[in-house]
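Residues: numbered from 1 along the sequence shown.
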Amino acid sequence: MQLTVLGKYSPFPAPGGAGPGYWIESGVRAGDGGLIAGDGGSTGVLLDCGPGVLARFQEVVGPLRTIRWVILSHLHFDHTSDFHVLRYAAVPDGRCKDLPQHVTVYAPREPEREFSLLDYKEAVDARAIEEGRQLQLGGLTVSFFAGKHALPCYAVRIEGPDGVVAYSGDSRPSDSQVKAASRADLFLCEASAIERDAAIAAAGHLTARQAGEVARQAGVKKLLLTHLWPSYDEGQLLEECREVFPDAEIACERSTYRVR
């Protein structure tokens with residue numbers, strides 16, 4: 001299994017960057033964006049779809065036809081804006097064979113208005129996620145854990161034949177994050193603030209140090225920090241996190257991380 005970081009910034013991208021978006025595969029990617037099956041078969045899931053993610057996907061992964069399943073941790077626009085463009089790409093009109101044939105998107109049911117906008121003609125089927133629900137998407141098993149954020153938001157645990165990836169979603173510290181990340185091989189966790197700005201993050205986000213604390217409590221093997229405020233010094237974020245969890249890195253856009 002492997003995770004490709006398409007975008008890591010929020011609430012807006014840095015120059016040349018993209019908003020939250022991560023491509024998780026259960027097989028090994030070939031040069032055209034296809035997958036070579038591993039022991040559990042070939043599966044690709046797009047996790048969040050913020051601004052700039054679709055362009056980055058085509059640059060790094062391959063044609064948009066590869067996208068079959070999308071999971072949106074919550075319905076704030078910095079995590080969903082490019083999904084509304086993907087809806088158009090998934091409408092078949094015969095002009096291009098490199099576009100999706102159909103997309104199924106899993107997202108919180110609330111806010112109701114935002115959820116209703118996900119369904120689109122015959123191209124997109126929107127389905128609600130909730131605490132404790134488990135999905136089987138090809139060779140991947142996906143579970144959801146409710147977080148603490150301004151909107152309903154879920155941490156996501158993805159288990160494959162060769163490892164476990166966990167994603168914090170957006171949330172202030174919670175037991176759900178620890179459960180989602182328990183003994184994960186790779187934990188992708190938001191780090192929205194340095195400690196000096198902890199009060200700004202407190203309503204629904206983690207500082208980099210808090211991300212490290214969640215990783216330590218969960219006993220994860222590797223921590224990747226993401227969801228970064230574009231103006232921060234990433235070295236400072238990493239330093240504060242490593243005070244409590246040394247095996248941490250800043251997520252690198254366009255990079256792929258193998259999970260073993």
Side-chain angles (χ1 to χ4, degrees), residues 1-11 14 17 19-24 47-48 71 73-74 79 142-149 153-160 162-260:
M1 186 161 62
Q2 56 192 29
L3 177 147
T4 300
V5 178
L6 302 172
K8 67 178 184 181
Y9 295 104
S10 183
Y22 317 95
W23 179 244
I24 298 173
L47 182 55
D48 281 343
I71 295 170
S73 62
H74 66 296
H79 290 252
V142 185
S143 306
F144 301 98
F145 302 79
K148 298 179 179 180
H149 192 55
C153 184
Y154 291 85
V156 183
R157 181 181 179 89
I158 301 178
E159 301 174 73
D162 47 4
V164 177
V165 172
Y167 174 49
S168 67
D170 285 10
S171 175
R172 62 183 184 270
S174 71
D175 291 341
S176 293
Q177 291 171 331
V178 177
K179 291 177 182 177
S182 179
R183 300 192 179 279
D185 298 286
L186 182 63
F187 181 35
L188 184 66
C189 188
E190 70 140 304
S192 296
I194 56 177
E195 282 303 301
R196 184 183 65 221
D197 297 332
I200 298 174
H205 292 285
L206 298 172
T207 66
R209 182 183 178 88
Q210 287 171 331
E213 290 170 347
V214 172
R216 183 181 61 187
Q217 292 172 38
V220 308
K221 293 181 181 178
K222 186 76 175 179
L223 171 63
L224 283 183
L225 300 180
T226 189
H227 200 275
L228 310 182
W229 178 263
S231 300
Y232 278 142
D233 177 347
E234 294 183 3
Q236 183 177 359
L237 286 166
L238 188 58
E239 181 181 357
E240 292 185 359
C241 178
R242 284 179 171 174
E243 290 175 358
V244 293
F245 192 83
D247 198 2
E249 294 181 13
I250 299 290
C252 182
E253 294 187 331
R254 299 180 177 89
S255 290
T256 296
Y257 300 84
R258 293 302 304 272
V259 180
R260 300 182 185 277

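Salt bridge status for E240 with R242: absent, with no side-chain N to carboxylate O gap under 4.0 Å.
M1 has its side chain within reach of I24: a pair of non-hydrogen atoms, C-beta onward, lies under 4.5 Å apart. Between V5 and R254 there is no side-chain heavy-atom pair separated by less than 4.5 Å. At a threshold of 4.5 Å between non-hydrogen side-chain atoms, the residues V156 and S143 do not count as touching. Y22 is not listed as a side-chain neighbour of L6, based on a closest heavy-atom distance of 4.5 Å or more. The shortest side-chain heavy-atom distance between W229 and L237 does not fall under the 4.5 Å cut-off.
Of the possible polar contacts, one joining the K8 side chain to the A251 backbone as a donor-acceptor pair under 3.5 Å is found. Formation of a donor-acceptor pair under 3.5 Å by the R183 side chain with backbone atoms of A218 is not found in this model. Listed for the R172 side chain is no donor-acceptor partner under 3.5 Å among the backbone atoms of G204. Here the side chain of D185 pairs no donor or acceptor atom with the backbone of V259 at under 3.5 angstrom. Side-chain atoms of D48 come within 3.5 Å of backbone atoms of S73 as a donor-acceptor pair (strictly under, hydrogens ignored).
In this structure, CD in Q2 is found 5.5 Å from OG1 in T256, a value given to the nearest 0.5 Å. Interatomic distance, CG of D233 versus CG of L228, reported as 11.0 Å (0.5 Å rounding). Note that the CD1 atom of I158 and the OH atom of Y167 stand 10.5 Å from one another [nearest 0.5 Å]. Taking CZ of R216 as the start and SG of C241 as the end, the distance is 10.5 Å to the nearest 0.5 Å. Between R209 atom CZ and E239 atom CD the span is 11.0 Å, to the nearest 0.5 Å. Considering CG of L224 and OG1 of T226, their distance stands at 8.0 Å, rounded to 0.5 Å.
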Step-by-step side-chain contact (heavy atoms from CB on, under 4.5 Å) determination, L223 to E249: CA-CA 6 Å; L223 171 63; E249 294 181 13; over 6 Å; no
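There is no side-chain donor-acceptor pair under 3.5 Å between T4 and Y257.
Between Y9 and P230, the shortest heavy-atom distance links the atoms CD2-CA, 3.9 Å. Considering every non-hydrogen atom in both F145 and A180, the closest pair reads CD1-CB, 3.5 Å. Nearest heavy atom pair, residue L225 against residue A208, reads CD1-CB, 4.3 Å. The minimum heavy-atom distance linking H79 with D170 is given by the pair NE2-OD2, 3.1 Å.
At most 12 heavy atoms of other shown residues, nucleotides or ligands fall within 6.0 angstrom of atom CG in D175.
For S176, the side chain to side chain donor-acceptor pair (under 3.5 Å) test picks out no residue, with sequence neighbours left out.
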Got a list of side-chain donor-acceptor pairs under 3.5 Å for residues 186-198, not counting sequence neighbours?
unit_1 : atom_1 : unit_2 : atom_2 : d
E190   : OE1    : S192   : OG     : 2.4
E190   : OE1    : H205   : ND1    : 3.2
E190   : OE1    : L206   : N      : 3.2
E190   : OE2    : S171   : N      : 3.0
E190   : OE2    : H205   : ND1    : 3.2
S192   : OG     : H205   : ND1    : 3.3
S192   : OG     : H227   : ND1    : 3.0
E195   : OE2    : T207   : OG1    : 2.5
D197   : OD2    : Y232   : OH     : 2.6

